[in-house]
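Once you've had a glance at the structure underneath, I'll fire off some questions.
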Amino acid sequence: MTRSPSDPLSDQVVRHQLERLARRERGRLVADLVSKLGSARLQMAEDVVQDAIIAAMATWPYKGMPDNPGGWLNRVARNKAYDRLRREGREVCLPDEDRAPGGARSADENDGEHGRFFGAQVEDPELKLMFLCCHPEIGTEDQLMLTLKVVSGFTARDIAAVFLKKEAAVGQRLARAKRKLRAIDTSLTDGPSRFEVRKRLPTVLKVIYLMFSLGYAPRRGDSLILRDVAEEALRLSGAVAEGKETRLPAADALVALLSFQASRFDARVDSEGNMVLLRDQNRSLWNRQLIDNGFAHLRMAQKGDELTRYHLEAAIAAGHAAAPDFAHTNWDQMLRVYSNLETMTQSPIVAINACVAEAFSGAPEEAFLKLEVLAQHEQLQSFAPYHTARGEVLRMLKRPADAAKSFKEALECDASSPVVKHLRDRLATCV
């Protein structure tokens with residue numbers, strides 16, 4: 001332990017560190033247990049991992065954080081799983097490994113697992129769990145929701161915000177998806193064939209995309225960015241792009257997109273934690289290594305015949321990365337790509353972003369009219385970015401009273417604390 005009982009850590013410090021650790025390790029912990037218990041005990045795996053996190057919260061402030069916190073959580077979760085199985089009258093061997101899941105293994109252990117997991121196609125434990133949750137007997141959207149819940153630990157409320165749905169409805173769908181997966185009762189060691197891996201890959205890519213989105217712009221909480229969540233999504237996208245059977249242009253396009261977006265993290269927040277808009281960001285703070293990685297993967301993504309939304313979104317992000325400053329952004333090119341993206345996705349969220357781009361291109365009146373048409377989507381009424389975009393365009397049109405109304409409507413929606421502060425500051429300028 002790193003601290004003594006006489007010098008306890010504050011609950012706030014421990015909670016912050018444990019939340020970051022739990023977001024980073026949760027998927028690996030659940031995957032480790034499901035690999036041994038099978039999908040029929042997915043709920044048990046989730047429960048004992050949560051119990052381990054609660055146990056850490058109860059002990060670490062007084063006994064100090066362990067030297068290997070991931071390994072501590074893994075050991076406690078496995079012991080709790082063993083206790084539950086023993087109460088069921090089952091004797092199942094769960095080796096006591098004092099390491100976090102996904103840690104180093106011996107060559108013999110790797111060789112043994114190499115032949116069992118999906119015909120040696122997927123080695124990352126979280127990716128294995130993602131492919132398991134994306135089972136074709138579960139509806140596609142339910143697959144996405146289930147995987148976000150199981151692998152990343154997002155709540156029904158978090159997931160509802162992403163899909164613009166009611167929290168109660170999402171909760172019901174998660175419960176139904178878990179029942180279906182429990183009935184299938186497979187494990188990570190008897191996963192899908194190479195054909196099934198390719199078939200499930202588009203859904204896995206979308207899960208990673210949504211996972212990054214939740215990290216890039218969380219809808220509640222004190223942080224503008226959940227960097228550990230977003231960076232884990234970026235890591236998983238790279239693992240897919242490097243896999244023997246999962247290496248496809250769409251995966252490279254997703255890596256490119258996430259790399260470009262992640263490159264701006266340091267510039268999106270100022271020293272006081274306030275939100276910094278794209279046009280005001282210090283571009284010298286953008287991560288050049290990630291930008292170069294984005295362009296490298298974008299070139300590889302162009303080798304295939306398929307054009308995906310990730311290709312188009314990466315092209316938009318690349319346009320921002322290539323511009324020396326906001327004033328030199330090629331908005332005409334952006335709008336052409338947005339037009340293709342809107343046609344492909346039919347997404348109202350994409351349409352909102354396209355309207356913002358059109359306003360910056362010098363056509364705020366046209367952008368406003370399109371935003372008014374989008375108001376017919378009922379789910380956007382509780383979506384803060386819609387009202388924010390409308391408010392910004394109205395400010396461009398010199399209509400401060402109407403802009404203020406939109407910013408007030410945005411403040412009634414779920415948003416992180418830095419976004420709330422930004423909206424209040426924006427509202428104060430509408431005089």
Margin query: Counting C-beta onward and ignoring hydrogens, is there a side-chain heavy-atom pair between V30 and L42 closer than 4.5 Å?
Written below: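 Heavy-atom side-chain distance check passes, below 4.5 Å.
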
Margin query: Could you go through D51 and V76, starting from their C-alpha distance and side-chain angles, then the distance that decides it, and tell me whether this counts as side-chain contact (heavy atoms from CB on, under 4.5 Å)?
Written below: CA-CA 9 Å; D51 289 346; V76 172; over 6 Å; no

Checklist line | 4.5 Å side-chain heavy-atom contact, F383 and R219 | finding: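 With C-beta onward as the side chain, the pair touches.
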
Check: Is a salt bridge present between R86 and D83, judged by a nitrogen-to-oxygen distance below 4.0 Å?
Finding: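 Salt bridge between R86 and D83, a charged N being under 4.0 Å from a carboxylate O: yes.
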
Notebook entry, point to check: Within a strict 4.5 Å, meaning less than it, do heavy atoms of the L201 and E196 side chains meet?
Noted result: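 Result no, sub-4.5 Å side-chain heavy-atom pair not found.
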
Next item on the list: Check whether any side-chain heavy atom of R309 sits under 4.5 Å from a side-chain heavy atom of V350, and report yes or no.
Entry: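 Yes. Closest side-chain heavy atoms under 4.5 Å.
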
Note to self: Just checking E272: does its CD atom have more than 12 heavy atoms from other residues, nucleotides or ligands closer to it than 6.0 angstrom?
What the structure shows: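 No, not enclosed.
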
Margin query: Could you tell me if R268 sits above the aromatic ring of Y216, with its cationic atom closer than 6.0 Å to the ring centre and no more than 45 degrees from the axis?
Written below: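 The answer is yes, since R268 meets both limits relative to Y216.
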
Margin query: Using only atom types and a distance under 3.5 Å, with no angle test, would you say the side chain of Q50 pairs donor to acceptor with the backbone of D47?
Written below: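 Answer holds: no.
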
Next item on the list: Return yes if some donor-acceptor pair links the side-chain N/O of T343 with the main-chain N/O of S339 below 3.5 Å, else return no.
Entry: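 Side chain of T343 to backbone of S339: a pair is present.
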
Notebook entry, point to check: Considering only heavy atoms from C-beta outward, does the side chain of R264 approach that of L278 to under 4.5 Å?
Noted result: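 R264 vs L278: side chains touch.
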
Next item on the list: Show your reasoning for whether side-chain hydrogen bond (donor to acceptor under 3.5 Å, both in side chains) applies to Y209 and E313.
Entry: CA-CA 11 Å; Y209 172 87; E313 291 193 40; 2.8 Å; yes

Margin query: If I compare all heavy atoms of A241 with all of V255, which pair ends up nearest, and what's the gap?
Written below: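 The pair with the smallest heavy-atom distance is CB-CG2, 3.8 Å.
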
Checklist line | Spacing of CG belonging to L258 relative to OG belonging to S263, to within rounding of 0.5 Å | finding: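 So the CG of L258 and the OG of S263 are separated by 11.0 Å.
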
Check: Could you state the interatomic distance from NE2 (H311) to CD (Q302), rounded to the nearest 0.5 Å?
Finding: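 Rounded to the nearest 0.5 Å, the NE2-CD separation comes to 7.5 Å.
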
Notebook entry, point to check: Under a 4.5 Å cut-off applied to non-hydrogen side-chain atoms, are V170 and F163 in contact?
Noted result: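 A side-chain contact is absent here, since even the closest heavy-atom pair is not under 4.5 Å.
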
Note to self: Quick check: do E409 and K405 have side-chain heavy atoms less than 4.5 Å from each other?
What the structure shows: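 When only atoms from C-beta onward are counted, K405 and E409 do touch, with a gap below 4.5 Å.
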
Next item on the list: Using the side chain to side chain contact (heavy atoms under 4.5 Å, CB included) rule, pick out the option among L257, I208, L205 that qualifies with S237.
Entry: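 So, applying the side chain to side chain contact (heavy atoms under 4.5 Å, CB included) to S237 and each of L257, I208, L205, only I208 qualifies.
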
Checklist line | Criterion side-chain contact (heavy atoms from CB on, under 4.5 Å) on D32 and N74, from CA distance to verdict | finding: CA-CA 9 Å; D32 180 69; N74 184 37; 3.4 Å; yes

Check: Between NE2 of H387 and CD of Q381, what distance do you get to the nearest 0.5 Å?
Finding: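 Answer rounded to 0.5 Å: 5.0 Å.
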
Checklist line | D158 side chain vs T155 backbone, donor-acceptor pair below 3.5 Å | finding: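 Judged by distance alone, yes, a pair lies under 3.5 Å.
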
Kindly list each side-chain donor-acceptor pair under 3.5 angstrom involving residues 289-296, sequence neighbours excluded, with atom names and distances?
{"unit_1": "N293", "atom_1": "ND2", "unit_2": "S259", "atom_2": "OG", "d": "2.9"}

Checklist line | Carboxylate-amine/guanidinium proximity below 4.0 Å for K165 and E141 | finding: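 Looking at E141 together with K165, the answer is yes, because their closest N to O distance falls below 4.0 Å.
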
Check: Got a second to check how far I138's CD1 is from R179's CZ, nearest 0.5 Å?
Finding: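 Between I138 CD1 and R179 CZ, I get 11.5 Å after rounding to 0.5 Å.
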
Next item on the list: In plain terms, say whether R235 and D124 are close enough for a salt bridge, that is, a side-chain N and a carboxylate O under 4.0 Å apart.
Entry: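 Result for this pair is yes, salt bridge flagged.
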
Item checked: Non-hydrogen atoms of F407 and G391 that approach each other most closely ->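 So the minimum-distance heavy-atom pair works out to CZ-C, 3.6 Å.
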
Notebook entry, point to check: Rounded to the nearest 0.5 Å, how far does CG of L341 lie from CG of N353?
Noted result: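 It is 9.0 Å, given to the nearest 0.5 Å.
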
Notebook entry, point to check: Step by step, would you call R28 with E232 a salt bridge (charged side-chain N to carboxylate O under 4.0 Å, His left out)?
Noted result: CA-CA 11 Å; R28 297 184 180 96; E232 180 65 3; 3.6 Å; yes

Next item on the list: Go through the structure and list residues passing side-chain contact (heavy atoms from CB on, under 4.5 Å) with A357, not counting sequence neighbours.
Entry: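 Partners of A357 under the side-chain contact (heavy atoms from CB on, under 4.5 Å) test: W331, L335, Y338.
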
Check: Should the heavy atoms of other residues, nucleotides or ligands under 6.0 Å from CG of D222 be counted, would the total exceed 12?
Finding: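 It does not: D222 CG has 12 such atoms or fewer within range.
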
Check: Rounded to the nearest 0.5 Å, how far apart are CG of N274 and OG of S417?
Finding: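 Between atom CG of N274 and atom OG of S417 there are 11.5 Å.
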
Margin query: What I want to find out is whether D142 reaches R173 closely enough, with some N-O distance under 4.0 Å, to be called a salt bridge.
Written below: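 Between R173 and D142 there is a salt bridge, with a charged N closer than 4.0 Å to a carboxylate O.
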
Checklist line | Residues V49, L73; criterion side-chain contact (heavy atoms from CB on, under 4.5 Å); working and verdict | finding: CA-CA 7 Å; V49 168; L73 289 172; over 6 Å; no

Notebook entry, point to check: Under the side-chain contact (heavy atoms from CB on, under 4.5 Å) criterion, do L164 and I349 qualify, and how do the steps go?
Noted result: CA-CA 10 Å; L164 303 180; I349 297 177; 4.2 Å; yes

Check: H135 side chain to E137 main-chain N or O, any donor-acceptor pair under 3.5 Å?
Finding: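 Such a contact is found between H135 side chain and E137 backbone.
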
Check: Taking everything shown except K149 itself, do over 12 heavy atoms lie less than 6.0 Å from its NZ?
Finding: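 Count over threshold, so yes.
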
Item checked: Electrostatic pair D252-K303, nearest N-O below 4.0 angstrom ->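 Salt bridge absent between D252 and K303.
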
Item checked: Beyond-backbone contact of N287 with F265, side-chain heavy atoms, under 4.5 angstrom ->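 Not touching, per the 4.5 Å side-chain cut-off.
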
Item checked: Side-chain donor or acceptor of Q143 paired with backbone N/O of C133 under 3.5 Å ->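 Absent.
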
